[in-house]
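Data block below; observations after.
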Number of protein chains: 2
Amino acid sequence: MLLSTKGDYGVRAMIDLAKHEGEGPVQRAEIAKRRQIPESYLDHLLAQLRRAGFVRSVRGPGGGHLLAKPAEEICLLHLLEALEGSLAPLQCLDNHEPGSEAICGQEWVWQEIYDDMRRKLAAVSLAALAEHEREHERTAVVNYSI
Amino acid sequence: MLLSTKGDYGVRAMIDLAKHEGEGPVQRAEIAKRRQIPESYLDHLLAQLRRAGFVRSVRGPGGGHLLAKPAEEICLLHLLEALEGSLAPLQCLDNHEPGSEAICGQEWVWQEIYDDMRRKLAAVSLAALAEHEREHERTAVVNYSI
DNA sequence: ACAATGTCGACTGAATTAGTCGTGAATACC
DNA sequence: GGTATTCACGACTAATTCAGTCGACATTGT
């Protein structure tokens, strides 16, 4: 598994914030409930996202969490790297020690896969993720209502 | 990290066997030394590869390990799946529980990446990996000898 | 018989994941 | 100023996996 629940949960939370962009702070409890994330764990993820500069938080009544920058300017690649660390599929593609590739023998296969992946993840913005979800909800409603 | 050292070591060992295809059994100690794998750990990996039908082993003096089928017929995808289990980058792409994708929100991005990856890994045979290494050694020697 | 080799299972230490909990800090509202 | 609400942060824990080590045993060539 390339991503742990950390990355999954973290992105879910960010999508939630993106969908409420411009509506003021969203509370942790709301996110946790809507996205099925243990609230006390979400706490840690939000802290991580805040430290990485993706989230701004407001304390006190009516407080909550907001995107620290527009959803268009946040891409999935940076988000996941903040949550998971490197997404390198293989050790020797991450720590570029000389010689580690020479003995690994499969790094030439993975390098291309890794590069493609990063390109694709960089091309997906948080705004696109939120929009995709809205689209999906709409068609789901249509399907059910027929 | 998508692959642990298990997958890395396992593939290294298989490349070693492929490079000695047709030369009789290769001993564990040799593989371990050449590929820089702890011998006692390699033991487990060979057992796993044997159970998966990729390796045949011979006991007694002069014994060792061989490919159970031609290197051309073994692809990197099947090898890695035997060693690592599913290569799915994300939980919801692995266990297809209905609804897990609905709430994940990023599975549509990963599905394409995952499919591409599997296609590429399926197209690389163990023979190609061994050949690539021979090629690389040859150019390395040329470079040094200039 | 004996030495070389693989087979197998028990055990271990470290790291990571996936949380829980409690205390404290900021702030809106009365 | 007091209180309720909400986030902030660190300590703690349980489960899992990884990465290995070790020892007893099985097989087989000489």
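We name chains A, B, ... by the order of the sequence lines, and we start the count at 1 in each one. All values below were derived from every heavy atom in this structure, side-chain atoms included, with hydrogens, water molecules and symmetry-related copies excluded. What you are looking at is a predicted structure, and each value in this text was computed from that prediction instead of being measured.
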- Please report, rounded to the nearest Å, how far the P atom of dC18(D) is from the CE atom of M1(A). 11 Å
- Task: Could you check how far CD of E39(B) sits from C1' of dA19(D), rounded to whole Å?
- Result: 16 Å
- Task: Check the distance between dG20(D)'s C1' and Q48(B)'s CD and give it to me in whole angstrom.
- Result: 14 Å
- Message: Go through it in stages, so that I can follow the logic: the residues are E137(B) and R134(B), the test is salt bridge (Lys or Arg N to Asp or Glu O under 4.0 Å), and I'd like the CA-CA distance, side-chain angles, deciding distance and then a yes or no.
- Response: CA-CA 5 Å; E137(B) 278 163 14; R134(B) 282 195 203 95; over 6 Å; no
- Task: Using the side chain to side chain contact (heavy atoms under 4.5 Å, CB included) rule, take R35(B) and I15(B) through it: C-alpha gap first, then chi angles, then the decisive distance, then the call.
- Result: CA-CA 10 Å; R35(B) 305 290 163 166; I15(B) 293 176; 4.0 Å; yes
- Message: Run the side chain to side chain contact (heavy atoms under 4.5 Å, CB included) test on W108(B) and L129(A) for me, step by step, so that the C-alpha distance in whole Å, both residues' side-chain angles and the decisive distance to 0.1 Å come before the verdict.
- Response: CA-CA 9 Å; W108(B) 57 280; L129(A) 285 166; 3.7 Å; yes
- Message: Does the plane of the ring in H44(B) sit parallel, tilted or perpendicular to the ring in Y41(B)? Use 30° and 60° as the thresholds.
- Response: perpendicular
- So which one's nearest nucleotide on DNA chain C is more toward 5', R59(B) or P61(A)? R59(B)
- Donor-acceptor under 3.5 Å (Q48(B) side chain, A82(B) main chain): yes
- Distance test, side-chain N/O of S4(B) to OP1/OP2 of dT17(D), below 4.0 Å: no
- Message: Working note: E133(B) + R12(B), criterion salt bridge (Lys or Arg N to Asp or Glu O under 4.0 Å); need CA distance, chi angles, decisive distance, verdict.
- Response: CA-CA 11 Å; E133(B) 190 172 293; R12(B) 287 189 203 180; over 6 Å; no
Enumerate all atom pairs, one protein N or O and one N or O from nucleotides 9-15 of chain D, separated by less than 3.5 Å.
unit_1 : atom_1 : unit_2 : atom_2 : d
dC9(D) : OP2    : R50(A) : NH1    : 3.2
dC9(D) : N4     : D43(A) : OD2    : 2.8

- Rounded to the Å, how far apart are I37(B) CD1 and dT21(D) P? 12 Å
- Please say which of V109(A), L93(A), D94(A) ends up in a side chain to side chain contact (heavy atoms under 4.5 Å, CB included) with Y114(A). L93(A)
- Short side-chain to backbone donor-acceptor contact, E107(A) and C92(A), under 3.5 Å: no
- Any residue meeting side chain to side chain contact (heavy atoms under 4.5 Å, CB included) with E72(B), in chain and number order, not counting sequence neighbours: P70(B), A127(B)
- Item | Whole-Å gap separating C1' (dA19(D)) and CD (E84(B)) | 12 Å
- Message: Strictly below 4.0 Å: does Y9(B) bring a side-chain N or O up to OP1 or OP2 of dA19(D)?
- Response: no
- Message: I want to check one thing: is the phosphate of dC18(D), taken as OP1 and OP2, less than 4.0 Å away from some side-chain N or O of T5(B)?
- Response: no
- Mind calculating the distance between CG (L46(A)) and P (dT6(D)) to the nearest angstrom? 15 Å
- Item | Span of DNA chain C in contact with chain A (heavy atoms, under 4.0 Å) | dT17(C) to dA28(C)
